[in-house]
Amino acid sequence: MQPATQQIDTSFDSIIDELVWRGLISVSTDLDALRSDLAAGPVKYYCGFDPTAGSLHLGHLVQLLLMRRLQLAGNVPYALVGGATGLIGDPRPTAERTLNSRDQVAQWVTQLQAQVSGYLSDEGDNAVRLVNNLDWTSQLSAIDFLRDIGKNFRVGAMLAKDAVSARLKSDAGISYTEFSYQVLQANDFLELFRREGVTLQSGGQDQWGNLVGGVDLIRRVERASVHALGSPLITNSDGTKFGKSEGNAIWIDPELTSPYAFYQFWLNTDDADVIARLKVFTFLTREEITEYERLVAEEPFRRAAQRRLAFEVTAIAHGASQANAVIAASEALFGQGDLATLDAPTLAAAVDELPHADVEIGTPLSAIGVETELFRSAGEARRAISQGGLYLNNVKVDDADAKLSADDLLNGGFALLRRGKKTLAGIRVNTGDTPGLRSGF
RNA sequence: GGCGGGUUACCCAAGCGGCCAAAGGGAUCUGACUGUAAAUCAGCCGGCGUAGCCUUCGCAGGUUCGAAUCCUGCACCCGCCA
């Protein structure tokens, strides 16, 4: 199975029209002005990613794909990783951030740059440029900052920004450090405008205040009119937060969220959301997505749209071969066939995709469940078993004290433990070929 | 610097000497129904575990037979005044 080619949909007159159709623009500066600038020739644009963790997550993926679409339309992307802004911290609506060490932030910058460059082409005239705002911020003295930059900002306007006013109203208040964040980000836009001629910044809707901060600053000091695009926060139709599974973020780093878990996340997309997700997260054309819209309406039980979505996004993030491997594993594990009929290599590959444990015959199933993180504690495991929520090789486990026996092993010495309907873990048993010595070291 | 208010389990939030492992809501989780969906209903929801025990209510001490609840000190947060 091959993923869709990354391309723009030529049935649209302008890339802007495609972005609007995909639901990627919720707020913007003058769209018609931007449309004509884009029609006149390649536009240089940027989006910033602050290093607040060692990996980007699905919220960032929206921005990366928005950037990619603009790049496919011939424009020049500048991917900014905020080595400076990451040291300050964007005000969250709820509470003050804990500052991370400089070493930590520097390390995250390196990691995020590597991730970001995987989503944007580095070939041709409009290859991606990686920039770091620490390059122009680290040498700035407090006096320069206050005289040259700060003078352009009115406190009244700064206080009016949603991010700041929300915090002022909350119990947490806001530090001067975080209050200053918007100045740094506005200055980034100005620097990129001056140095590189960047005239468009995109970002999430929650960044809108910061985006227009840059636009205003450039208008004020350079007398130039530049653009900003804000994409909507992706929300689930049932009101829960998008991009979380069991309360944990879905990361694009395969070490943090396995490709299998990543694929399963998308596969479980709600019918009510799946078309919107195809628009945002895949390169399928309008025509193809319209067809899936029909399929969801007429035969939702086949879940064709979810399957395609899961495959496409997994391929974008982890590559086509990994996406196909994960599909094969999912089909083996969720297929109708008897697990006992699966051959050892198929099982081995499937177990490899799952959290798994190497254990010995006689280990209590509850302990295996804890080791594979199916459960947080033995008590939770016992509780689940008593509620009928644990299965060994698709057979419900009745006894909270049940242990793994040799009869439970499938081909190749594997077994499968399942919590609830769809959370799986693999069990591998060392079949005793190795000497049973437990020499001290 | 002064005065007042606050810090409870994943989140919000009650409790104000024993009936408190701690109300209520949300989230997560499990079951039924299903399409590895949604909605709905039911259960669970600190740890170990048959009873029972252990660790928790910002931190450290103290009073008491007994403290999340009272006292002292400390830290942090919010507001008003200077």
Side-chain angles (χ1 to χ4, degrees), chain A residues 91-99 164-179 235-250 260-278 292-293 295-311 314 326-337 339 350 353-354 364-367 369-370 372-392 394 396-401 416-425:
Chain A
R92 282 185 297 196
T94 46
E96 190 80 11
R97 290 178 188 272
T98 307
L99 292 177
V164 173
S165 73
R167 282 282 292 282
L168 286 173
K169 279 183 226 149
S170 80
D171 288 347
I174 186 168
S175 67
Y176 183 67
T177 304
E178 289 192 5
F179 176 63
T235 54
N236 290 335
S237 56
D238 61 5
T240 56
K241 250 192 185 144
F242 167 75
K244 303 259 175 164
S245 169
E246 297 179 27
N248 300 313
I250 305 292
Y260 170 81
F262 190 88
Y263 176 84
Q264 288 289 324
F265 168 80
W266 291 104
L267 192 60
N268 281 298
T269 300
D270 201 319
D271 291 359
D273 297 320
V274 70
I275 296 303
R277 300 288 180 268
L278 284 170
Y292 278 110
E293 203 162 3
L295 291 174
V296 172
E298 291 177 8
E299 41 183 36
F301 50 90
R302 290 189 195 283
R303 304 187 320 129
Q306 279 89 341
R307 289 177 205 285
R308 186 66 187 272
L309 172 69
F311 170 70
T314 306
V326 153
I327 288 176
S330 296
E331 283 175 355
L333 298 171
F334 284 99
Q336 298 305 310
L339 287 176
E353 299 290 341
L354 301 171
L365 297 181
S366 57
V370 173
T372 53
E373 297 184 345
L374 239 37
F375 305 108
R376 276 188 296 271
S377 68
E380 190 174 278
R382 301 182 75 87
R383 198 181 300 134
I385 293 170
S386 71
Q387 293 187 130
L390 185 70
Y391 302 79
L392 177 64
N394 288 345
K396 185 177 286 187
V397 175
D398 303 310
D399 178 8
D401 297 316
L416 289 166
L417 209 53
R418 187 176 95 224
R419 188 200 71 201
K421 287 195 178 101
K422 53 198 180 192
T423 311
L424 285 152

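- Rounded to the nearest Å, the gap between the P atom of B:C19 and that of B:C54 is 15 Å.
- Searching all strands for a Watson-Crick or G-U wobble partner of B:A51 with both distances below 3.5 Å returns nothing.
- On the C1' atoms, B:C57 is 8 Å away from B:A9, given to the nearest whole Å.
- Looking at the side chain of A:Thr423, the nearest of the listed nucleotides B:C45, B:U30, B:G35 is B:U30.
- In this structure, the nucleotide among B:G31, B:G35, B:A38 sitting nearest to the side chain of A:Arg303 is B:G35.
- The minimum heavy-atom distance between A:Ala384 and A:Phe375, with the atom names listed, is CB-CE2, 3.4 Å.
- The pairing partner recorded for B:C41 is B:G31, the criterion being a Watson-Crick or G-U wobble arrangement whose two distances lie under 3.5 angstrom.
- Looking at the side chain of A:Ser377, the nearest of the listed nucleotides B:U34, B:A37, B:C48 is B:C48.
- Across B:G49, B:U30, B:C33, the shortest atom-to-atom separation from the side chain of A:Ala378 is found for B:G49.
- Stacking here means ring centres nearer than 5.5 Å and ring planes tilted less than 30 degrees, and by that measure A:Phe301 does not stack onto B:U34.
- Going from the P atom of B:U28 to that of B:A39 covers 9 Å, rounded to whole Å.
- Among B:A37, B:C45, B:U34, the nucleotide with an atom closest to any side-chain atom of A:Lys422 is B:A37.
- Considering only side-chain atoms of A:Asp270, the nucleotide from B:G49, B:C33, B:A38 that sits closest is B:A38.
- Base-pair partner of B:G79: B:C3 (Watson-Crick or G-U wobble, both distances under 3.5 Å).
- In this structure, B:C20 makes no Watson-Crick or G-U wobble pair, since no nucleotide meets both defining distances under 3.5 angstrom.
- Among the nucleotides B:U34, B:G47, B:U36, the one closest to any side-chain atom of A:Ser330 is B:U36.
- Distances from the side chain of A:Arg382 to the nucleotides B:U50, B:U30, B:C45 place B:U50 closest.
- Nucleotides B:C70 and B:A23 have their C1' atoms positioned 23 Å apart, rounded to a whole Å.
- Minimum atom distance to the side chain of A:Asn268 is reached by B:A37, of the listed B:C33, B:A37, B:U50.
- B:G66 and B:C81 have their C1' atoms separated by 42 Å, with the value rounded to a whole Å.
- Between B:G26 and B:G79, the two P atoms lie 31 Å apart (nearest whole Å).
- Residues A:Arg303 and A:Asp271 are not paired through a salt bridge, judged by the lack of any N-O separation under 4.0 Å between the basic side chain and the carboxylate.
- In the set B:G35, B:C48, B:G31, B:G35 carries the atom at the smallest distance from any side-chain atom of A:Gln306.
- Using N1 to N3 plus N6-O4 or O6-N4 for Watson-Crick, or N1-O2 and O6-N3 for G-U wobble, each under 3.5 Å, B:G61 pairs with B:C71.
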